[in-house]
Amino acid sequence: MSIKVAIIGAGSIGFTRTLTRDLLAVPELQDTHLALTDINPKNLDMVTRLVKKDITANRLPARVTSTTDRRQALGDADFVINTTRIGGLEAYQLDIDIPLKYGVDQCVGDTLCAGGIMYGQRNIAQVLAFCQDIREMAKPGVLFLNYANPNAMNTWAANQYGQVNTVGLCHGVMGGHWQLTEVIKLLVNGKKKAGDKGYVEVTPKDVDIICAGINHQTWYIQVRYRGEDWTGRLLEGFENHAAFAKTEKVRIDMLRRFGYYSTESNGHLSEYVAWYRKRPAEIKKWIDLGCWINGETGGYLRVSTEGRNWFETDYPNWLKEEPPKLGPDTRSHEHGSYIIESMVTGRVYRGHFNVINRGAITNLPDDCVVEVPGYVDRNGISIPRVGDLPLGCAAVCSASVWVQRLAVEAAVKGDVALLKQAMMMDPLVGAVCTPPEISQMTDEMLIAQAQWLPQYAAAIPAAQARFAAEEKLGTHASKGAVRLKTKSVTEMQRNAAESRRNAAAADKAMAKRKEQVRKHR
């Protein structure tokens, strides 16, 4: 019997097509009912046509329905996937630009720091609405797979307040796993190159990892190759790697000082801690503009904007292309399809998932969301006990957990005091701003984003009154320590092949990996 998979935010560029292709690559899932829903009918229609084209070209029995009526899409769903960005790029721009006025320079701004906290306020209000619809419309026992950031906050709110079994999914662990493989390959071979006598090829399948922490601050606490743990040798390898020594300066410094490598990209990690972005003049020391967005101010906002504009321009060409024959070779490494496959077929899958802790990491709170190893089969997702994180790693994560806890509670209750406390406790915001600056910055962001914050409707007038009466503290004129210009469609057309690859890339980590390989071959 076929299953039904509903995708909320299905108008997202590239991501929906990746997820649906992954599902349809599994023989037992090729008769799946894909129910797509989005608030943007134009984007929804474009993506729906692409998905239908894949199904037709592969002569599959799968069925696609699309609707702007979310409850209709959720009806009798076995699995629900969330890929939404509440407020779109308009709100995202505010997440980056308003904090800059107060000296807070972010690269991505979608997980922690000022942008991530406000992103959570927008998302959680809607995630709880999604959960209500899921409880009322989907099948009993439905699994909610959350890809949307801030992943930990959304997953925390959905489980605790939405009362829906929710797992957060991210690809950061996989991107770092590839990097660790490259470093071990370098350490094993020294100056030997592929093709040289005695050269040893090393693939991710050869390197077994255990990664644990919180989303985007997860640590490779065990890295085994040929039966030995290589964690103590990684610093030497990263420092001597031609590409990573340039592109991952923050991650390498954290490895140097805490002893373990972290999952998230250089730009992401730099904004989660207090030390690398608090002085604009020093930011350039820690970032690299040679590929992707390794610390660039507003970097992911830029590539997201370019990707959206290119997708809309190049869409007719996407429709003309002959879809690939779907199968194992076309399947991405996103966890979603593998989880669904395992729960439907019983084939065991091992991955890293964001779940309520419940003792998996013994020196983090039981009720927070952790990212840890897990196994999936017909019985669902099973999480082993990891034990204690190394003390320094736990300390870094603990600081962020308290920011998340305050932000979730603020979003659920529409509580401005808790929201400002979350901002104050954020490591980078607290390193840069005084309490009056944090308070005013939060008010300014609330006012600017009021249309996406229904839970704060009663509090917005007071914020407006405070902001109008106070001396303005957001006086920084900088557009960012290092900010690249967003390319126009005309500029992107000069390298259409690369622009198409970037627009199609749903996986940030994979896009970054491919760009590194291309530039450093």
Check: [X] side chain, [Y] main-chain N or O, donor-acceptor pair, under 3.5 Å:
X	Y	value
Q121	A407	yes
E491	S488	yes
Q106	G115	yes
N123	N149	yes
N146	G168	no
E271	C107	yes
R378	V344	yes
R21	L326	no
N58	D54	yes
Y300	I293	no

Would you indicate whether the side-chain heavy atoms of [Y] and [X] approach each other to under 4.5 Å?
X	Y	result
L19	I81	yes
E248	Q179	yes
N165	V142	no
Q464	D443	no
V273	Q217	yes
T247	N266	no
H352	V372	no
S270	W286	no

Salt-bridged, [X] to [Y], with N to O below 4.0 Å?
X	Y	result
E264	R251	no
D95	R85	no
E296	R483	no
E321	K53	no
D22	R331	no
D76	K139	no

Evaluation steps, side-chain contact (heavy atoms from CB on, under 4.5 Å), between V403 and V429: CA-CA 11 Å; V403 176; V429 174; over 6 Å; no
Qualifying residues under salt bridge (Lys or Arg N to Asp or Glu O under 4.0 Å), relative to D38, sequence neighbours excluded: none
Salt bridge (Lys or Arg N to Asp or Glu O under 4.0 Å) involving K193 - partner list, sequence neighbours excluded: none
Pair F311 + W318: ring centers closer than 6.0 Å: yes
Proximity of Y261 and F238 rings by center, below 6.0 Å: yes
Test item: side-chain donor near acceptor, [X] and [Y], under 3.5 Å:
X	Y	answer
T48	D45	no
T155	N151	yes
E334	H171	yes
D69	T67	no
Q449	Y456	no

Worked verdict on D105 versus T297 for side-chain hydrogen bond (donor to acceptor under 3.5 Å, both in side chains): CA-CA 6 Å; D105 187 310; T297 303; 2.9 Å; yes
Set of residues satisfying side chain to side chain donor-acceptor pair (under 3.5 Å) with respect to T305, sequence neighbours excluded: none
With Q493 via side chain to side chain donor-acceptor pair (under 3.5 Å) - residues at least two apart: none
Taking every non-hydrogen atom, the tightest pair across [X] and [Y]:
X	Y	answer
P204	T181	CA-OG1, 3.4 Å
A463	I447	O-CD1, 3.6 Å
L100	G480	CD2-CA, 3.9 Å
E201	K185	OE2-NZ, 2.9 Å
G9	T16	O-OG1, 4.1 Å
V108	I96	O-CD1, 3.7 Å

R347 NZ/CZ over Y338 ring centroid, <6.0 Å and within 45° of normal: no
Atom [atom1] of residue position [X] - does it have more than 12 heavy atoms of other residues, nucleotides or ligands inside 6.0 Å?
X	atom1	result
K4	NZ	yes
K101	NZ	yes
I460	CD1	yes
K485	NZ	yes

side-chain contact (heavy atoms from CB on, under 4.5 Å) between W452 and L94, worked out: CA-CA 12 Å; W452 303 292; L94 298 169; 4.0 Å; yes
side-chain contact (heavy atoms from CB on, under 4.5 Å) against A6, all qualifying residues, sequence neighbours excluded: A35, L74, A77, V80
Worked verdict on T68 versus T37 for side-chain contact (heavy atoms from CB on, under 4.5 Å): CA-CA 5 Å; T68 56; T37 185; 5.5 Å; no
Whether H268 and H216 hold their rings parallel, tilted or perpendicular, with breakpoints at 30° and 60°: tilted
Geometric class of the H335/F353 ring pair [parallel <30°, tilted 30-60°, perpendicular >60°]: perpendicular
Step-by-step salt bridge (Lys or Arg N to Asp or Glu O under 4.0 Å) determination, R71 to D133: CA-CA 6 Å; R71 289 175 65 85; D133 288 347; 2.8 Å; yes
Euclidean distance, [Y] [atom2] relative to [X] [atom1], rounded to 0.5 Å:
X	Y	atom1	atom2	result
M137	F130	CE	CZ	15.0 Å
R122	L453	CZ	CG	7.5 Å
Y272	S400	OH	OG	9.0 Å

R277 and I287: CA distance, side-chain angles, deciding distance, side-chain contact (heavy atoms from CB on, under 4.5 Å) verdict: CA-CA 10 Å; R277 303 187 74 91; I287 70 175; 4.3 Å; yes
Any residue meeting ring pair (Phe, Tyr, Trp, His ring centres under 6.0 Å) with H177, in chain and number order, not counting sequence neighbours: none
